[in-house]
*Asks:* 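Please see the structure below; I have some questions.
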Amino acid sequence: MRPLRALATTAVAVVAASALAACGGGGSKASADNPYKLIQPGVLRTATLTDAPPNVYLKNGKFTGYDNDLLTAVAAKIGLKVQFAGTDFSALLSQVATHKYDVGSSSITITEARKKTVAFTNGYDFGYFGLDVPAGSPIKGFDQLKGKRVVVVQGTVQDDYATKQGLNPVRVPDYNGALNQLKSKTADAWIAPAEIGEKTAKDSGGKVVAAAKQLGSTPMAFAVAKDNPKLLEALNKGLDEVIKDGTWTKLQEEYYPGRQVPQEFKPGSGTVTFPPVQASGAPAASPSS
């Protein structure tokens, strides 16, 4: 017979091990009540940003914006609720890959480099590069940035673009940091997602101007851990459903009024018909080389 003290020690060890297993940390295992290996069954824990309107931001303490409202609608189609948490963009993809979060939602442009870290859903939006400058700046286009102090948010495709163009950009962790550089005129220009840049300029009280924009060549998507194909498949299914029922169109018109959808852009799987987006203005330009 084993001593009572040994039995008690064993019992404590079992309880501790069970508690650690319940805490997760390496991603949950699939089960009948958790087929998508979520950190918390039934809840899509999502990493996003707090300061990038109209795409993703906080309003009256609630996470909202085009991307987050779209993800909430997609999640509802597959029977899930969404729980958002703010993070820095530079950390977001690695946090999804390591299962700190189930999904990343932040107008994430699909790139080959990022595919090495996470998997992506089908694309749900197209995007422009925007160029913001301080009021009164002589800079009018991307071809005038050589030798200028250009700020970007670290880890974004705008960061990649500026680096490839040899601009030696100043990197900041978030959009507020970029805006403050322009307001204080410690930067000559900010390369941003165009919609965010335009909204920022509009809200700056005349201190910042949206000088130019150009269409990006790849779509935006939600990020998922590479070892969770069932969740990826479910999100793609839900995305097609919200495209088909008109939710995607409604959110496009709500958050990007007047913006035309390029003819070559097909959201989701590209096989779903959807109500056309009512927009005004000239057709979107072709992607720059």
Side-chain angles (χ1 to χ4, degrees), residues 52-56 65-74 77 104-115 118-132 140-143 156-162 164-165 191-202 210-224 232-233 235-289:
N55 301 41
V56 287
Y66 172 78
D67 302 68
N68 290 341
D69 287 3
L70 181 66
L71 181 61
T72 299
V74 169
K77 293 291 187 182
S105 169
S106 183
S107 295
I108 308 167
T109 301
I110 300 171
T111 69
E112 291 304 315
R114 290 172 178 174
K115 286 181 180 179
V118 295
F120 288 100
T121 63
N122 292 327
Y124 60 77
D125 200 17
F126 56 96
Y128 292 87
F129 285 177
L131 183 63
D132 277 23
K140 304 298 181 184
F142 290 87
D143 59 347
T156 61
V157 290
Q158 292 80 31
D159 184 351
D160 293 342
Y161 171 84
K164 289 175 181 177
Q165 295 297 314
I191 302 176
E195 292 80 12
I196 294 172
E198 289 170 351
K199 181 71 164 57
T200 297
K202 183 179 178 180
K213 68 179 181 180
Q214 63 185 35
L215 185 63
S217 59
T218 52
M220 300 170 186
F222 299 116
V224 179
L232 187 68
E233 180 183 359
L235 290 173
N236 280 332
K237 179 182 177 182
L239 178 58
D240 272 359
E241 290 182 13
V242 299
I243 292 168
K244 184 178 181 179
D245 73 10
T247 301
W248 181 85
T249 299
K250 177 183 176 182
L251 291 174
Q252 284 279 326
E253 294 173 348
E254 177 182 350
Y255 284 101
Y256 311 125
R259 187 183 73 162
Q260 287 198 348
V261 178
Q263 291 183 352
E264 63 268 31
F265 179 73
K266 306 296 180 185
S269 65
T271 63
V272 181
T273 58
F274 56 90
V277 176
Q278 300 299 315
S280 59
S286 299
S288 300
S289 58

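Note: hydrogens, waters and symmetry copies are ignored here, and every other heavy atom, side chains too, is used.
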*Asks:* In Å and rounded to the nearest 0.5 Å, what is the CG to CG distance from Leu239 to Leu70?
*Replies:* 6.0 Å
*Asks:* For a 4.5 angstrom cut-off between non-hydrogen side-chain atoms, does Ile243 reach Thr249?
*Replies:*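 Heavy-atom side-chain distance check fails, nothing below 4.5 Å.
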*Asks:* When you compare the side chains of Ser105 and Asn68, does any donor N or O come within less than 3.5 Å of an acceptor on the partner?
*Replies:* yes
*Asks:* Sub-3.5 Å donor-acceptor pair from the side chain of Asn236 to the main-chain atoms of Asn122, do we have one?
*Replies:*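 Flag set: sc Asn236 to bb Asn122 pair under 3.5 Å.
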*Asks:* Once the angle between the rings of Tyr256 and Tyr66 is folded into 0 to 90°, is it parallel (under 30°), tilted (30 to 60°) or perpendicular (over 60°)?
*Replies:* tilted
*Asks:* Nearest 0.5 Å, please: how far is CD in Gln165 from CG in Asp143?
*Replies:*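 So the CG of Asp143 and the CD of Gln165 are separated by 10.5 Å.
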*Asks:* Applying side chain to side chain donor-acceptor pair (under 3.5 Å), can you list everything that pairs with Asn55, at least two apart in sequence or on another chain?
*Replies:* Ser107
*Asks:* Provide the closest heavy-atom pair for Ala73 versus Thr247 in the form atom of the first, atom of the second, distance.
*Replies:* CB-CG2, 3.9 Å
*Asks:* Which heavy-atom pair separates Gly123 from Ala221 by the least distance, and what is that distance?
*Replies:*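 In this case the closest contact between Gly123 and Ala221 is CA-CB, 4.3 Å.
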*Asks:* With sequence neighbours left out, write down each residue that passes ring pair (Phe, Tyr, Trp, His ring centres under 6.0 Å) with Tyr124, or none if nothing qualifies.
*Replies:* Phe222
*Asks:* Can you measure from NZ (Lys250) to CG (Asp69) and round to the nearest 0.5 angstrom?
*Replies:*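 Lys250 atom NZ to Asp69 atom CG measures 9.5 Å (nearest 0.5 Å).
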*Asks:* Is Asp125 close to Met220 at the side-chain level, that is, under 4.5 Å between some pair of heavy atoms?
*Replies:* yes
*Asks:* For the residue pair Arg114 and Val157, establish whether any side-chain heavy-atom pair is separated by less than 4.5 Å.
*Replies:*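 Yes, side chains in contact.
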*Asks:* Could you grab the distance from atom OH of Tyr128 to atom CD of Gln214, nearest 0.5 Å is fine?
*Replies:* 11.0 Å
*Asks:* Provide the closest heavy-atom pair for Gly238 versus Val74 in the form atom of the first, atom of the second, distance.
*Replies:* C-CG1, 3.8 Å
*Asks:* What are the two closest non-hydrogen atoms of Ala212 and Lys140, and how far apart are they?
*Replies:*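 Closest pair (atom of Ala212, atom of Lys140, distance): CB-O, 3.6 Å.
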*Asks:* Please check if atom CD in Glu254 has more than 12 non-hydrogen atoms from other residues, nucleotides or ligands closer than 6.0 Å.
*Replies:* yes
*Asks:* Taking it one step at a time, do Ile191 and Leu131 satisfy side chain to side chain contact (heavy atoms under 4.5 Å, CB included)?
*Replies:* CA-CA 5 Å; Ile191 302 176; Leu131 183 63; 4.2 Å; yes
*Asks:* Of the non-hydrogen atoms in Phe265 and Pro219, which two are nearest, and what is the gap between them?
*Replies:* CE1-CB, 4.0 Å
*Asks:* What I'd like to find out is whether the side chain of Val261 reaches to under 4.5 Å of the side chain of Gln252, using heavy atoms alone.
*Replies:*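 Yes - at least one pair of side-chain heavy atoms lies under 4.5 Å apart.
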*Asks:* Report yes or no: is the cationic atom of Arg259 (NZ for Lys, CZ for Arg) under 6.0 Å from the centre of the six-membered ring of Phe126, at an angle within 45° of the ring normal?
*Replies:* yes
*Asks:* Measuring from atom OG1 of Thr72 to atom CG of Asp67, what distance do you get when rounded to the nearest 0.5 angstrom?
*Replies:*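 Going from the OG1 atom of Thr72 to the CG atom of Asp67 covers 10.5 Å.
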*Asks:* Can you see which heavy atom on Thr218 is nearest to which on Ile110, and at what distance?
*Replies:*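 Heavy-atom minimum between the residues: OG1-O, 3.2 Å.
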*Asks:* Regarding Lys77 and Asp245, does a basic nitrogen lie under 4.0 Å from an acidic carboxylate oxygen?
*Replies:*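 Salt bridge: yes.
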*Asks:* Distance from Lys237 atom NZ to Leu235 atom CG, nearest 0.5 Å?
*Replies:* 12.0 Å
*Asks:* Is there a donor-acceptor pair closer than 3.5 Å between any side-chain N or O of Asp240 and the backbone N or O of Ser269?
*Replies:*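 A pair under 3.5 Å: yes.
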*Asks:* Please enumerate all residues that pass ring pair (Phe, Tyr, Trp, His ring centres under 6.0 Å) together with Phe129, with sequence neighbours excluded.
*Replies:*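 Expected list: Tyr161.
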*Asks:* May I ask you to say whether Lys244 pairs ionically with Glu241, meaning some side-chain N is under 4.0 Å from a carboxylate O?
*Replies:*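 Looking at Glu241 together with Lys244, the answer is no, because their closest N to O distance does not fall below 4.0 Å.
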